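One structure below.
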There are 2 protein chains.
Amino acid sequence: MQDRTDRLTRALRAAGVRITRQRAALLDVLAETEDHPDAVELHRRAVPRVPGLSLSTVYRTLSALEEQGVIQRHQFEGAPACFERAETAHHDHMIDVETGEVVEFRSDRIEELQARIATELGYEIVHHRMELYVRKRRG
Amino acid sequence: MQDRTDRLTRALRAAGVRITRQRAALLDVLAETEDHPDAVELHRRAVPRVPGLSLSTVYRTLSALEEQGVIQRHQFEGAPACFERAETAHHDHMIDVETGEVVEFRSDRIEELQARIATELGYEIVHHRMELYVRKRRG
DNA sequence: ATTGATGCAAACACTTTGCATCTAA
DNA sequence: TTAGATGCAAAGTGTTTGCATCAAT
């Protein structure tokens, strides 16, 4: 796991991205992240490791990491952008409208259908966004 | 068509929504709308009919109409919210990332699969959002 | 005559940016 | 050493809101 971060660090440096204390801290925080935190939450988690870390640096770093394909940005309805590591396999999201909880899911069938539809209309998919806003079934 | 607007007007009034000159103008503009304009664009289109119309009134009216189920609001990536009449059948959107053009499509198969996935995970869908960001196939 | 709607300007939430200073390479 | 990163504060964007006035019912 420390190993993974090291490899990532090297790759980023190779891409011309300087790994400052701030960025290293954010990479650490992201490595431990299992949920979908927004910029403010990531800042909150990283500040203890880099006192004085500014929110603008968080935003700038997140943009840089997104550009490098290290993280993904999601813009769910009525919420600030949130982030997750990009290393995981592609998936889509269900958002519990009552709790805000995010559940990941994946459907190859749907992906196929999406691709087919785009093709039939003369397009190719650059990326897509599929979000199910749900509530727990009272059973 | 004038007829449709009249019926809508009556229904809105019945729901306690006052039809002011500003709102009547916006309803007219929306009735003629085939695309997916944002608040500023709707304001631009309505101002000639109601000189002095303010942008905040447009926003307030759009919220009211959305609440009444008359229009739908979409929040595509990197763009201000855009609107369309809600009377049309449910559909999803493809957005051409190069031109911004919006194409509507619909897939019952996908809807079924979404519902099944939600059910399997113990949820029911409140609403969903599916957007394909695409580019024209060069070919 | 009421009560909700308007226009204006100010506030809002989230995000980006200009600039002087610092620091990773 | 030097180009890129930082912190701060200020600006930006899209949207909402407080308030005095106005107009639809």
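Keep in mind that this is a model prediction, so the values were computed, not measured. Atoms considered below: every heavy atom in the structure, side chains included; atoms not considered: hydrogens, waters and symmetry mates. A, B, ... follow the sequence lines: proteins, then strands. Residue 1 opens every chain.
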Mind listing the side-chain donor-acceptor pairs of residues 113-125 of chain B below 3.5 Å, one per line with the distance, residues two or more places apart or on another chain?
{"unit_1": "B/Q114", "atom_1": "OE1", "unit_2": "B/H128", "atom_2": "ND1", "d": "3.4"}
{"unit_1": "B/T119", "atom_1": "OG1", "unit_2": "B/A115", "atom_2": "O", "d": "2.8"}
{"unit_1": "B/E124", "atom_1": "OE2", "unit_2": "A/R138", "atom_2": "NH1", "d": "3.0"}

N/O donor-acceptor pair under 3.5 Å between A/R85 side chain and A/T33 backbone:
yes
Would the distance check show the side chain of B/H74 and the main-chain N or O of B/Q72 forming a donor-acceptor pair, the cut-off being under 3.5 Å?
no
Mind checking side-chain contact (heavy atoms from CB on, under 4.5 Å) for B/L8 and listing every partner two or more places apart, or none if nothing turns up?
B/L12, B/L27, B/V70
State which residues pass ring pair (Phe, Tyr, Trp, His ring centres under 6.0 Å) with B/H36; sequence neighbours excluded, sorted by chain then number.
B/H93
Please report the distance, rounded to the nearest Å, between CG in A/L27 and C1' in D/dA5.
14 Å
Gap between atoms CZ and C1', on B/R10 and D/dA24 respectively (whole Å):
17 Å
Protein-nucleotide distance (A/R44, atom CZ; C/dC14, atom C1'), rounded to Å:
15 Å
For A/V50, does its backbone N or O pair with a side-chain atom of A/R21 as donor and acceptor, under 3.5 Å?
no
Would you say the side-chain atoms of A/T9 pair up with the backbone N or O of A/T5, donor to acceptor, closer than 3.5 Å?
yes
Are the side chain of B/R106 and the backbone of B/H90 linked by a donor-acceptor contact shorter than 3.5 Å?
yes
Just to be sure I understand the geometry, which residues of residues 49-79 of chain A put a non-hydrogen atom under 4.0 Å away from DNA chain C?
A/S56, A/Y59, A/R60
Please list, in numerical order, the residues of residues 11-22 of chain A that have a heavy atom closer than 4.0 Å to any atom of DNA chain D.
A/R18, A/T20, A/Q22
Taking B/T99 for the side chain and B/E101 for the main chain, is one N or O donor matched with an acceptor at less than 3.5 Å?
yes
What does the inter-axis angle of the helix from C/dA1-D/dT25 to C/dA25-D/dT1 come out as, five pairs per end, nearest 10 degrees?
40°
With no hydrogens and no angle check, just 3.5 Å: does a side-chain donor-acceptor pair link A/E77 and B/H127?
yes
